[in-house]
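I have placed the structure first, in the form of structure tokens, so that the comments after it can refer back to it.
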Amino acid sequence: MDTMDTPVTSVVSKLQMLNTSDHASVVSMNLFVALLCACIVIGHLLEENRWMNESITALLIGVCTGVVILLVSGGKSSHLLVFSEDLFFIYLLPPIIFNAGFQVKKKQFFRNFITIMLFGAIGTLISCCIISAGAIKFFQKLDIGPLDIGDYIAIGAIFAATDSVCTLQILNQDETPLLYSLVFGEGVVNDATSVVLFNAIQSFDLTNINPRIAWQFICNFLYLFLTSTMLGVITGLLSAYIIKKLYFGRHSTDREFALMMLMAYLSYMLAELFYLSGILTVFFCGIVMSHYTWHNVTESSRVTTKHAFATLSFVAEIFIFLYVGMDALDIEKWRFVSDSPGTSVSVSSILIALVMVGRAAFVFPLSFLSNLSKKSPTEKIGFKQQIIIWWAGLMRGAVSIALAYNKFTSLGHTHLRGNAIMITSTITVVLFSTVVFGLMTKPLIRFLLPHSKQQQTGRTVSSDPNTPKSVTVALLGDNQDSLDDLGGNEVPRPNSIRALLSTPTHTVHYYWRKFDNAFMRPMFGGRGFVPFVPGSPTERSSHNQWQ
């Protein structure tokens, strides 16, 4: 009889354990959602505070929650959820980067495209080299365990990644449009460059570097960069073509929104499937969708998509910082470095110093080079603006933590002392840079550019309902985001080789607009295309337009 009871007892106990585990997960998710709500409420109350922003608020709430959980659990755990780079890269980052591309002021972004690419690509490589060289020089003098050349270059890639999420919270697109465009655009390209660089490092044996390996590395890097961008553009154009041809809105606006959202996410997952940069892909997919797809859907879908994408991005941002804040006190990581806290502090201090030096090494020289190519004084980057660009890009965030976990942990656990030191040092750098540099950015902007808000407010125009991001503040002298907003005025055609070379941005814009109007918009839709949907608010206007 006892032998018959044993299997039954075992099954019952396993079911009880399963139920307990499921209930614990439900409790954890309830607490986490409640904390998200608290972050939103407290962030709203601190909206006018000159020091705080929602990123810092969520990070501090996460740390405080971690302390409480640590005390309640008797020092066994500090988090409700375990930080996972898969969760971050697959579910949280895509809506943030897509919405950034979807809402970005395209004319301002592409007008500064060369400078953004200089900062985001060339600057990231410079910063990576300086951080890697500094790590080799200083870390070998410290007892942190064995690290090879690939580890040091990976450290450079990890800490060269700025926090574009925190930048979105701190800089204001309306008050400082040039700074926002440069720092945010650089942040997106920088994150993509860092991830591409990190992945390229992982796929090469860098113990014996020679010219052939270096050339393969550069070619692989450029291949990933270009193919990732093209994949995003192609996916965005495909979504525009499908929605334009099939008129989903005549049956259901929900299908229009669902298709846009799923196509955007598909672009990111395709990039991951083919080992490309999902960040670059989904960013340019967002830009293309805002230029073509968004104008092909019905009016109700336009309102829905604008607010839905912004909401998903906002919640993901808060989730990330709350997540990182709680995980910062994970006792398992700190147990490995408890016997030598001085080493951990030294490593963190060195990394912060290298991050500051590495960023200064490219912001000021590349700004000087960028200014040489600009004729108008208003387009040049002033020294005070360069200081803000340098400072605002010092923050490190979840991208750095996710890459560090990918490199220095095994299945989410840290078993080697050297790896534990790198993980805890990364967390320390992220907390310090986000809180200290983040707290000081707004006051620094007000101190260095005290009249930026008043100047921008003086140039406001009525909001344009035909752009995904309806704002009342102009970004450019012509107060518009695209050529079509100019009331039909054409960009002047360059009448000489000298004029063509002296204004390359305007020249490219002129020929791109001709190509866009002649081929792209008739094929993929865009501004000016209003789908006829019986019973929709746009039915009357569409009738008048196409009669």
Side-chain angles (χ1 to χ4, degrees), residues 29 31-49 52-62 65 81 87-105 162-176 180-181 183-185 187-188 191 257-258 260-262 264-265 268 278-279 282-283 285-287 289-290 294 301-326 392 395 397-399 401-402 430 434-435 438 441-442 463 467-473:
M29 289 306 300
L31 290 173
F32 206 91
V33 172
L35 288 172
L36 285 173
C37 295
C39 290
I40 293 172
V41 172
I42 296 173
H44 169 73
L45 297 175
L46 296 175
E47 179 72 25
E48 301 300 325
N49 189 286
M52 298 295 289
N53 61 72
E54 281 165 332
S55 300
I56 298 174
T57 302
L59 195 65
L60 293 178
I61 290 175
T65 305
L81 301 171
L87 173 64
F88 170 72
F89 278 114
I90 295 177
Y91 301 110
L92 298 179
L93 194 59
I96 296 172
I97 302 300
F98 172 80
N99 184 66
F102 192 73
Q103 308 278 19
V104 74
K105 288 293 184 178
T162 62
D163 187 10
S164 55
V165 176
C166 202
T167 301
L168 290 171
Q169 297 282 342
I170 291 176
L171 292 179
N172 191 298
Q173 186 167 204
D174 303 340
E175 296 178 14
T176 53
Y180 181 92
S181 175
V183 177
F184 159 69
V188 173
D191 283 349
F257 168 63
M260 285 184 68
M261 183 172 64
L262 292 173
Y265 191 66
Y268 186 88
I279 295 175
V282 79
F283 177 71
C285 181
I287 290 178
M289 278 193 174
S290 71
W294 190 77
S301 292
R302 293 179 188 178
V303 175
T304 302
T305 53
K306 187 183 79 169
H307 292 292
F309 290 144
T311 302
L312 288 172
S313 172
F314 173 75
V315 173
E317 290 171 14
I318 302 301
F319 192 102
I320 286 172
F321 284 99
L322 188 62
Y323 202 60
V324 170
M326 282 194 292
M395 287 170 285
V399 172
I401 288 184
V430 168
T434 301
V435 175
T441 301
K442 284 184 179 178
S463 176
T467 56
K469 187 168 180 68
S470 297
V471 294
T472 58
V473 181

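None of these values were measured; they are calculated from a predicted model.
Nearest heavy-atom pair across Met289 and Met260 is CE-O, 3.4 Å. Heavy-atom minimum distance, Thr434 versus Phe321: CG2-CE2, 4.1 Å. A pairwise comparison of heavy atoms in Ala264 and Cys285 identifies CA-SG, 4.1 Å as the closest pair. Of all non-hydrogen atoms in Pro95 and Ser313, the two that sit nearest each other are O-CB, 3.7 Å. Contact detail for Thr57 and Leu46: the closest heavy-atom pair is OG1-CD1, 3.9 Å. The minimum heavy-atom distance linking Phe283 with Ala100 is given by the pair CE1-C, 4.1 Å.
Rounding to the nearest 0.5 angstrom, the gap separating the CE atom in Met326 from the CG atom in Leu31 is 9.0 Å. We find the CD1-CG distance between Ile42 and Leu35 to be 9.0 Å, quoted to the nearest 0.5 Å. Expressed to the nearest 0.5 Å, how far NZ of Lys306 lies from OG1 of Thr311 amounts to 11.0 Å. The CD1 atom of Ile279 lies 6.0 Å from the CZ atom of Phe89; values are rounded to the nearest 0.5 Å. Taken from CD1 in Ile318 to SG in Cys37, the straight-line distance is 11.5 Å, to the nearest 0.5 Å. Leu36 CG to Leu322 CG: the interatomic distance, rounded to the nearest 0.5 Å, is 5.5 Å.
Residues passing the side chain to side chain donor-acceptor pair (under 3.5 Å) test with Thr305, sequence neighbours excluded: Trp294. Partners of Tyr268 by ring pair (Phe, Tyr, Trp, His ring centres under 6.0 Å), not counting sequence neighbours: none found.
Using bins of under 30°, 30° to 60° and over 60° for the plane-to-plane angle, the ring pair Phe102/Phe309 lands in the perpendicular bin.
Phe32 and Phe319 have their aromatic ring centers within a separation under 6.0 angstrom.
Between the side chain of Thr65 and the backbone N or O of Ile61, at least one donor-acceptor pair lies under 3.5 Å.
Met261 is listed as a side-chain neighbour of Leu312, based on a closest heavy-atom distance under 4.5 Å. Contact annotation: the side chain of Val282 never approaches that of Tyr265 to less than 4.5 Å [non-hydrogen atoms, C-beta and beyond]. The side-chain heavy atoms of Ile96 and Ile320, taken from C-beta on, include a pair separated by under 4.5 Å.
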